[in-house]
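Step one of this worksheet: look at the structure below.
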Amino acid sequence: MNRILLFGNPNVGKSVIFSRLTGIDVLMSNYPGTTVELKQGTIKLKNKIYQIIDIPGTYSLSATNKAEEVAINILSSATKNDIILVVIDSTNLERNLFLTLEILKKKLPTILVLNKWDLTQIWGTKINIDNLSKMLDVVVVPVVGISGDGIKNLVETLTHFSLNPKISSVKLPEKNDNIWKFIGKITFSAQTLSHKHPSSFEKLQELTITMPYALIIALSILIFSFIIIRFLGENLTNYFLDPIFNKFYMPFVKNLAETFITNKHILKLLLGNVPEPMESFGILTTGLYVPFVIVLPYIFSFYLILSFLEDSGYLVRVAVVLDNFFHKFGLHGYASIPILLGLGCKVPAVLSTRILENEREKIISVVLILMLTPCLPQSAMIFSILSRYGFVTILSVFFILIFIGLVVGFFLNKILKGETPELFVEMPSYQLPPVFILLKKLYIRMKSFLFESVPMIIFGIFIVNIFDLIGIMHFITKILGPIMTKILGLPDEISIVMISGFLRKDVSIALLTPFDLSLKQTIISCVVLVIYLPCIATFFMLLKEFKLKKSLIIVSSIFLFSMIIGAMLNILL
Amino acid sequence: MKLLTDVPQYKKVIINHLDTGHGTAKKLESLGIRKNVQLKKISPLKSKGPVILSFLNSNCQIAIGHGIAKKIFVSEIS
Ligand SMILES: Nc1nc2c(ncn2[C@@H]2O[C@H](COP(=O)(O)OP(=O)(O)OP(=O)(O)O)[C@@H](O)[C@H]2O)c(=O)[nH]1
Ligand SMILES: [Mg+2]
């Protein structure tokens, strides 16, 4: 199939345009490096179907990280039957032309898409499309990805172009110095700038990256976000979902099941053995209560806030502010983006380490992703089971985790050979997050939870029941039990919790409820269950990014370390 | 000529010379940071963190690590 390739600098709006052209939902954010792998869709132009590919952004055709490598590889696979759509940020013509010229050198059918056309008005940039088109000998189409303006025109242009593909015959200078002269010539004749910056707003923007204000602002935003996430999450559970579950859903399924099913074992598998939805471990009770009543509200509130931070443009500033601090762990500030994503789910977090330059930095940040904090479903469960001990207890679990993570990062930086790469990052201007992007992202992330995580949670509960039924539970307890009691000071039946945590981390915390643990035991088991092993989905992502040997080394060292931590907590607390 | 890190806040500069390795220079170039380009420094002089720059001829801001900024020679312009 012939292809349409969406190429361009990071953060110019390729994914927004991809989503407009194909109707496929992809993540879009206001920071460079959102897309790190290829996404395919199709588009029909005049009875012919084209495959259209959203590609990670790149600044040039020599890769500095894995995401750029993906982009460059696909360009080298392109042929004259494909169409290259070079997407440009209209407010940043000069820099974007550098990559454009590199692509034009490949002599492939190319169309230039001037995105963010709406901003040219605001920033006072005037672009003469005819001149630009003439000087580069390419078709130029202005669009506004976020509103969809110009997309129809783009499709018409594409249709027309697909019938008469054209390769630019522009003569490009060979030497590097001359390239910039050429770009200068183009911008001189195709662009006029008049600066009319809203200056008080600009000053405010600068505060978010100037110490010490930046730190105060960052901390306030962190605390504020935390309060909103917890407020929304907890109240949706307590005053909305829990009542619905207990008052309407439970009596209903209970009646239904008891009317139609007589087999004692199956009934127990479905409904569990006690009436409390958190402790019964039936597939239709705990299996649904955990994901829908406890975790889902947090998924909603967390990703609402995260999307807001991503799309406003604040996340990049966090990366810049944290740069100095992160150097202590052998990372530059940009590693904070994968780590923040890890607060939600480790799977996309591990994937997004592709934006980092070298292997050493990737390993350190993956270890931090896995150790610093629980994933969101697990955090939600920890909030839920620790809430009876009060807020300070919850905080102390997180504090212990962050402390351990930072110490480990610090030592990894000392132990692993190599240098810390320097930060280079473009800072997109602040914007009011487009509502359509906020909603779409919330939808993508909730959908992924419902369709990928919920089945795993139910499967996890199912496995625990089956183990119990056929007596494996007893066997596992016998083997692992002594480790639990001697090293961690936990009851030996907790072994089964350890096994289940590999399937789903939230399920493992839920499994703690029936044990009636002391406060100390609860803290130890929460801390150990967060770090000891990644869940299976994360493990597969590690394999994909790091190959077998490195993944196993990372996972087994973290496992050993978690046992040591558990033992130390057992002695200290 | 002085180092980019020694330029006071809000001063405009032109880049004279990049004393970095070839790879870094190429990366900087693809981001638009190259010889003869005019920039305004946004971050304060004493900052130990990344140096934040805005381009005079576009609306783009960029942050570069302190270690790299120490290898960029510039002259102040008015
Ligand atoms: N004002 C304005 N903003 C836009 C437009 N199109 C996209 N954006 C914003 O640009 C940002 C980046 O969009 P993405 O689609 O994620 O960019 P990308 O090119 O896929 O970026 P990478 O995946 O990082 O390479 C988002 O925050 C959008 O809100 C537009 O037409 N106008
Ligand atoms: Mg993208």
Side-chain angles (χ1 to χ4, degrees), chain A residues 9 32 58-62 64 68 89 91-99 102 119-120 122-125 176-177 179-180 183-184 187 191 193 195 197 202 205-206 209-211 214 313 316-317 319-325 327 332-334 357 419-429, chain B residues 3-5 7-12 14-72 77-78:
Chain A
N9 278 180
T58 178
Y59 288 108
S60 74
L61 294 187
S62 30
T64 54
E68 294 189 348
D89 172 351
T91 61
N92 240 318
L93 192 60
E94 182 173 81
R95 198 201 59 222
N96 282 251
L97 281 176
F98 184 74
L99 178 70
E102 280 198 301
L119 293 181
T120 52
I122 298 172
W123 292 111
T125 313
N176 231 6
D177 284 352
I179 294 243
W180 285 109
I183 291 175
T187 49
Q191 169 181 269
L193 300 170
H195 287 281
H197 292 191
E202 233 183 26
Q205 293 191 14
E206 278 166 21
I209 40 175
T210 315
M211 291 293 186
V316 185
R317 270 79 181 175
V320 172
V321 172
L322 289 181
D323 186 51
N324 242 350
F325 181 60
H327 271 272
H332 60 59
Y334 221 52
E357 284 88 353
E419 276 180 28
T420 303
E422 289 283 338
L423 181 79
F424 293 91
V425 62
E426 179 192 352
M427 295 197 296
S429 27
Chain B
L3 292 176
L4 188 51
T5 42
V7 175
Q9 192 175 23
Y10 301 131
K11 280 282 181 297
K12 292 174 182 169
I14 182 165
I15 296 185
N16 297 128
H17 172 61
L18 299 170
D19 194 21
T20 60
H22 185 65
T24 311
K26 270 195 97 156
K27 166 129 205 202
L28 283 168
E29 182 185 18
S30 66
L31 278 158
I33 303 212
R34 54 176 211 280
K35 209 176 147 179
N36 291 335
V37 121
Q38 300 184 0
L39 305 154
K40 183 165 132 191
K41 182 164 164 183
I42 304 290
S43 47
L45 178 61
K46 286 198 201 99
S47 155
K48 291 259 164 17
V51 171
I52 295 154
L53 303 161
S54 93
F55 288 84
L56 289 193
N57 62 355
S58 71
N59 295 299
C60 178
Q61 281 195 4
I62 248 171
I64 53 180
H66 202 83
I68 298 285
K70 270 199 299 209
K71 295 178 179 161
I72 299 177
I77 51 179
S78 44

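Note on naming: letters A, B, ... go to the chains in the order of the sequence lines (proteins, then strands), and numbering restarts at 1 for each one.
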- [ ] Return yes if some donor-acceptor pair links the side-chain N/O of B:D19 with the main-chain N/O of B:I72 below 3.5 Å, else return no.
- [x] no
Open item on the list: Could you work out, with side chain to side chain donor-acceptor pair (under 3.5 Å) as the rule, every residue matching A:E426, not counting sequence neighbours?
Closed with: A:Y59, A:R95
Open item on the list: If we define contacts as heavy-atom pairs under 4.5 Å, which of B:K35, B:K27, B:R34, B:Q61 has the most with chain A?
Closed with: B:R34
Open item on the list: Main chain of B:S43, side chain of B:Q9: is a donor-acceptor contact present, judged purely on distance under 3.5 Å?
Closed with: no
Task: Side chain / backbone / both / neither for A:L99 at chain B, heavy atoms under 4.5 Å - done: neither
Task: Partner set under side chain to side chain donor-acceptor pair (under 3.5 Å) for A:N96, not counting sequence neighbours - done: none
TODO: Check whether B:K26 gets within reach of chain A through its side chain, its backbone, both or neither, counting any heavy atom under 4.5 Å.
DONE: side chain
Open item on the list: I'd like to know if the side chain of B:Q38 reaches the main chain of B:L56, judged simply by a donor and an acceptor atom lying under 3.5 Å from each other, with no hydrogens or angles considered.
Closed with: no
Task: Atom group of B:I52 that falls short of 4.5 Å from chain A, counting heavy atoms - done: side chain
Task: Engaged part of A:T187 at the chain B interface, taking heavy atoms whose separation is under 4.5 Å - done: neither
Task: Per-residue contact mode, B:K48 against chain A (heavy atom under 4.5 angstrom) - done: both
Open item on the list: Using heavy-atom distances under 4.5 Å, tell me whether B:P44 contacts chain A through its side chain, its backbone, both, or neither.
Closed with: side chain
Open item on the list: With a 4.5 angstrom heavy-atom cut-off, is it the side chain or the backbone of A:S62 that approaches chain B, or both, or neither?
Closed with: side chain
Open item on the list: Under a 3.5 Å distance rule, please check whether B:H66 uses its side chain to pair with a backbone N or O of B:G49 as donor and acceptor.
Closed with: yes
Open item on the list: I want to check something: taking the side chain as every heavy atom from C-beta on, are B:I62 and B:L39 in contact at a cut-off of under 4.5 Å?
Closed with: no
- [ ] Pick one of side chain, backbone, both or neither for A:F98, based on which atoms fall under 4.5 Å of a heavy atom in chain B.
- [x] side chain
Task: Part of A:E419 lying under 4.5 Å from any heavy atom of chain B - done: neither
